[in-house]
Amino acid sequence: MLFESYLNYDIEAALFLTLLWGTSAVLVARRPHHRSDRRGRRRATFMLVLVALGWLLVAGRLVTTALMGSFGYLFVADRVAVALPLVVLPALAVLVLAVPRWRAHRRNPSAETRLATFAPQAVVPFQATALGALTGFVTAIMVTMGPPQLVPILTVYVSFLTVLVGLWLWQQYRYRVAANGGPVRRSRPVRALRAVAVVAVVGLVLVGGLSWAANETVLPGRMNMTDHAHGGVSAAGAHGHSTGRTVSVADLTGPRSETPDRRFTLVAEATKLRLASGREVDAWLFNGQSPGPELRVKRGELIEVTVHNKVPDTNVSVHWHGVDVPNAEDGVAGVTQDAIKPGGTHVYRFRPDEVGTHWYHSHQQSSVQVKKGLFGPLIIEPEQSDLAPGTQDLIVSTHTWYSGELPLEPPAIGTVDQLDRRRMAPGTPVRLRLINTDGATHRYSLTGTPFRVVAIDGNPVNQPTDVAGEQVVIGGGGRYDLEFTMPAQPVRLTELRRFGSELRVVDGGLLLSADGTGDVQPDKPTEAFDPTTYGSPMPTPFGRDSTFTKTHSLVFDNELWFYDGRFTVVWASNGMAFPKAPSLTVREGDLVKVRFANRSHFDHPMHLHGHHVLVLSRNGKPATGSPLWLDTVNVEVGEIWEVAFKADNPGLWMDHCHNLDHAAAGMMSHVVYEGVTTPYEVGHDTPNELE
Ligand code: C2O
Ligand code: CU
């Protein structure tokens with residue numbers, strides 16, 4: 001919250017800096033006409049006031065940068081390298097070179113002192129400050145920069161200096177003309193013509209530049225993720241020579257010949273879904289139900305899922321979210337398989353080596369298909385059940401259906417978009433498996449009983465303790481398992497939504513009571529449950545003190561810029577959107593540290609396929625609780641998370657924001673193992689569309 005205000009101030013400061021110094025630069029470059037002493041003096045005073053105001057804004061941006069930096073240096077490293085020097089240095093030049101001349105002119109408002117303020121050394125510093133301020137604004141909100149990298153920084157500085165040289169020469173010429181008896185005042189038509197020409201040229205350059213920039217972002221009709229990764233930010237060279245052995249994604253399958261222990265069939269179809277409130281939505285569902293059928297298996301079993309696609313005119317796929325399957329079973333259309341065409345079938349086979357609450361969903365155009373309902377729960381139980389005898393095991397899969405009927409549609413549990421009342425006998429052990437299938441973060445409040453968080457993203461928590469008076473925050477794609485013993489009085493699970501600084505109870509939720517009636521006033525805890533300090537530590541295969549073979553830092557921004565040729569909100573990682581967003585090349589055995597810093601206006605639940613990441617620290621504070629293994633790291637606004645993973649599952653793995661709209665607008669990249677290639681392609685000219 002606080003960070004977001006600072007970020008907004010920073011962007012506003014950058015905008016006002018640009019406007020104010022832009023105005024000064026225009027005024028200071030006007031040809032000197034000496035009219036009267038009084039007017040000369042007034043003009044000098046006015047310019048000096050503008051400089052003072054301009055410096056106030058410079059100081060303001062220094063303060064906003066410092067405030068943002070107090071949340072982590074990563075948030076401001078680019079500003080320190082580019083935006084600040086480009087404003088502070090020229091503004092200093094204004095103080096040193098221009099201000100004395102304007103003061104002299106104010107003291108003695110003669111034609112000579114006025115001419116002195118027209119010299120290049122007095123004019124260009126203003127123009128440079130304005131240009132620097134503009135650069136600072138553009139890099140804050142349009143074309144952002146991540147952690148400083150040499151090439152982009154040099155590009156900015158070289159272009160900046162080039163423009164300055166041009167401005168200097170131009171001003172030198174104008175100064176000479178003015179010094180040699182002043183400009184010849186051209187006739188009205190000539191001046192008008194010149195003005196038109198200037199406007200036309202500036203307009204053409206702007207339009208041309210912008211359409212070039214828009215075109216730059218048009219996604220190619222076909223892309224191969226292997227090529228793209230090799231063109232991207234690759235750390236492959238760090239390993240010395242490569243073995244030259246390559247393997248195709250298509251060969252990295254699960255067990256193909258053994259007899260499966262469990263067989264499931266999922267049929268994707270288009271249907272009308274009627275919600276409990278009576279609202280009706282056009283949905284795409286697995287086996288006609290929502291959530292899709294519960295796939296409940298045991299760890300170590302060989303699972304076979306046959307997927308049929310009956311959705312007209314639409315290709316689908318299925319991804320096993322949170323399960324580290326072999327790469328060919330990962331279900332990413334265009335990367336690990338071709339999407340399943342209407343009438344087509346695909347068979348997935350894998351043997352899960354983990355437990356917990358997971359889910360499956362389409363990974364073809366997921367920002368559309370998951371929203372429309374192509375998802376379901378996947379529960380992997382340990383060999384010996386981890387549930388106390390008699391436990392009521394409830395899947396609470398939260399999803400927002402967009403019928404277009406309500407301005408703010410309440411999230412539904414399954415298909416119940418109202419309060420879901422259920423009977424629960426007091427004394428019953430209850431497990432709630434919360435699954436957030438939406439993109440936005442959900443905040444839950446459980447009223448009427450303390451509870452334990454027994455698993456996060458499916459991974460059991462070591463020695464969970466009682467929680468009360470805290471909201472449970474789950475990012476898009478994330479899962480939390482809560483347990484409690486049903487008390488005599490009713491228990492209510494509700495969602496809270498932030499409106500500015502206010503927390504409001506969202507309609508709906510789950511009400512458990514002995515006879516299914518009664519109600520509870522939902523608590524609105526403001527404190528959030530912190531998974532990094534919960535439970536007890538346990539040995540992990542690696543940790544903060546390990547030596548990492550790779551470190552990858554990602555700063556997230558939202559930009560107002562072009563994506564796929566359209567002007568929109570772009571979700572950028574280090575200033576880049578897919579397919580230019582930085583991929584990470586690894587070699588099997590690498591121990592990788594990844595740092596996420598969220599400098600945008602929205603949460604980003606970052607999801608890495610095929611691996612679990614261990615949380616090392618959150619906002620600079622080391623994780624001290626139960627080892628926190630996640631597949632979806634919800635990086636809230638203004639947060640910095642440090643996580644680590646072992647590269648132990650060769651393949652091409654997506655690494656993207658699970659707010660799937662963000663992924664579709666740029667926030668996705670890949671972790672690519674050296675030597676792994678894919679025969680599949682993605683893009684408008686292929687059957688495959690990533691998000
Ligand atoms: Cu749950 Cu790449 O997704
Ligand atoms: Cu996001």
Side-chain angles (χ1 to χ4, degrees), residues 144 225 291-292 316-325 327 329-337 339 356-371 373-378 397 399 435-442 457-458 474-479 554-559 563 568-574 576-578 581 583 596-613 630-639 641 649 651-671 682 688-691:
T144 58
M225 287 306 121
V316 304
S317 78
V318 180
H319 165 63
W320 316 98
H321 183 118
V323 188
D324 298 344
V325 298
N327 200 206
E329 314 294 344
D330 199 40
V332 179
V335 179
T336 65
Q337 68 172 91
T357 306
H358 304 292
W359 61 304
Y360 57 87
H361 61 78
S362 178
H363 219 297
Q364 157 84 351
Q365 233 195 343
S366 10
S367 61
V368 174
Q369 302 200 355
V370 174
K371 253 183 240 158
L374 284 178
F375 62 84
L378 168 58
S397 163
H399 194 73
I435 307 178
N436 180 1
T437 64
D438 278 331
T441 302
H442 286 292
D457 278 1
I474 310 184
R479 289 90 59 214
L554 293 172
V555 177
F556 304 128
D557 284 299
N558 50 266
E559 303 177 335
Y563 193 62
T568 177
V569 177
V570 183
W571 300 95
S573 313
N574 295 352
M576 300 288 191
F578 176 83
S583 293
F596 300 116
N598 184 356
R599 191 171 57 182
S600 72
H601 293 84
F602 223 92
D603 294 354
H604 300 300
M606 297 308 296
H607 174 51
L608 170 62
H609 287 210
H611 303 76
H612 284 73
V613 302
L630 303 175
D631 52 66
T632 312
V633 184
N634 192 36
V635 189
E636 293 180 44
V637 177
E639 285 199 320
W641 289 68
N649 194 5
L652 296 179
W653 301 102
M654 283 207 75
D655 187 1
H656 64 95
C657 177
H658 222 285
N659 187 319
L660 299 167
D661 293 325
H662 296 181
M667 202 169 262
M668 58 180 159
S669 64
H670 293 83
V671 167
V682 68
N688 306 314
E689 277 181 77
L690 275 183
E691 307 288 351

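Just follow the structure's listing: the first ligand is 1, and inside any ligand the first atom is 1.
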Participant: N/O/S of His658 less than 2.8 Å from atom 1 (Cu) of ligand 1?
Facilitator: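 His658 does place an N, O or S atom closer than 2.8 Å to atom 1 (Cu) of ligand 1.
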Participant: Can you check whether His442's main-chain N or O pairs, donor with acceptor, with Asp438's side chain at less than 3.5 Å?
Facilitator: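 Side chain of Asp438 to backbone of His442: no pair is present.
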Participant: Compute the centroid of each ring, for His363 and then for His609, and state whether the two points are separated by less than 6.0 Å.
Facilitator: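 Between His609 and His363, which both carry aromatic rings, the centre distance is below 6.0 Å.
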Participant: Look at His658 and state whether any of its N, O or S atoms is less than 2.8 Å from the Cu ion (ligand 2).
Facilitator: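 No, His658 does not qualify, because none of its backbone or side-chain N, O or S atoms lies under 2.8 Å.
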Participant: Run the ring-centre check on His611 versus Trp653 and record whether the distance is less than 6.0 Å.
Facilitator: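 Yes, the ring of His611 comes within the 6.0 Å limit of the ring of Trp653, centre to centre.
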Participant: Which value, rounded to 10°, describes the ND1(His662)-the Cu ion (ligand 2)-SG(Cys657) angle?
Facilitator: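 Approximately 130° at the metal, rounded to tens of degrees.
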Participant: Check whether Ser362 reaches the backbone of Ser317 with its side chain - one donor and one acceptor, N or O, closer than 3.5 Å.
Facilitator: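 Checking the backbone N and O of Ser317 against the side chain of Ser362, a donor-acceptor pair under 3.5 Å is found.
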Participant: Has His363 got an N, O or S atom lying less than 2.8 Å from atom 1 (Cu) of ligand 1?
Facilitator: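 False for His363.
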Participant: Between Trp320 and His361, does the ring centroid distance fall short of 6.0 Å?
Facilitator: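 No: the rings miss the under 6.0 Å criterion.
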Participant: Ring centroid separation for Tyr360 and His319, is it under 6.0 angstrom?
Facilitator: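 Judged by ring-centre distance (under 6.0 Å), Tyr360 and His319 do not meet the cut-off.
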Participant: Can you tell me if an N/O/S atom from His361 lies under 2.8 Å from atom 1 (Cu) of ligand 1?
Facilitator: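 His361 does place an N, O or S atom closer than 2.8 Å to atom 1 (Cu) of ligand 1.
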Participant: As a test of reading the structure, name the N/O/S atom of His604 that is nearest the Cu ion (ligand 2).
Facilitator: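 Atom name returned: ND1.
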Participant: Tell me whether His609 has at least one N, O or S atom under 2.8 Å from atom 2 (Cu) of ligand 1.
Facilitator: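 Within the cut-off used here (under 2.8 Å), His609 does place an N, O or S atom near atom 2 (Cu) of ligand 1.
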Participant: Any idea how His658 and Trp359 line up, ring-wise: parallel (<30°), tilted (30 to 60°), or perpendicular (>60°)?
Facilitator: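 The rings of His658 and Trp359 sit tilted, inter-plane angle from 30° to 60°.
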Participant: Which of the N/O/S atoms in His321 sits closest to atom 1 (Cu) of ligand 1?
Facilitator: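 Considering only N, O and S atoms, His321 comes nearest to atom 1 (Cu) of ligand 1 through ND1.
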Participant: So that I can check it, does any N, O or S atom in His607 come closer than 2.8 Å to atom 2 (Cu) of ligand 1?
Facilitator: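 Of the N, O and S atoms in His607, none lies under 2.8 Å from atom 2 (Cu) of ligand 1, which means no.
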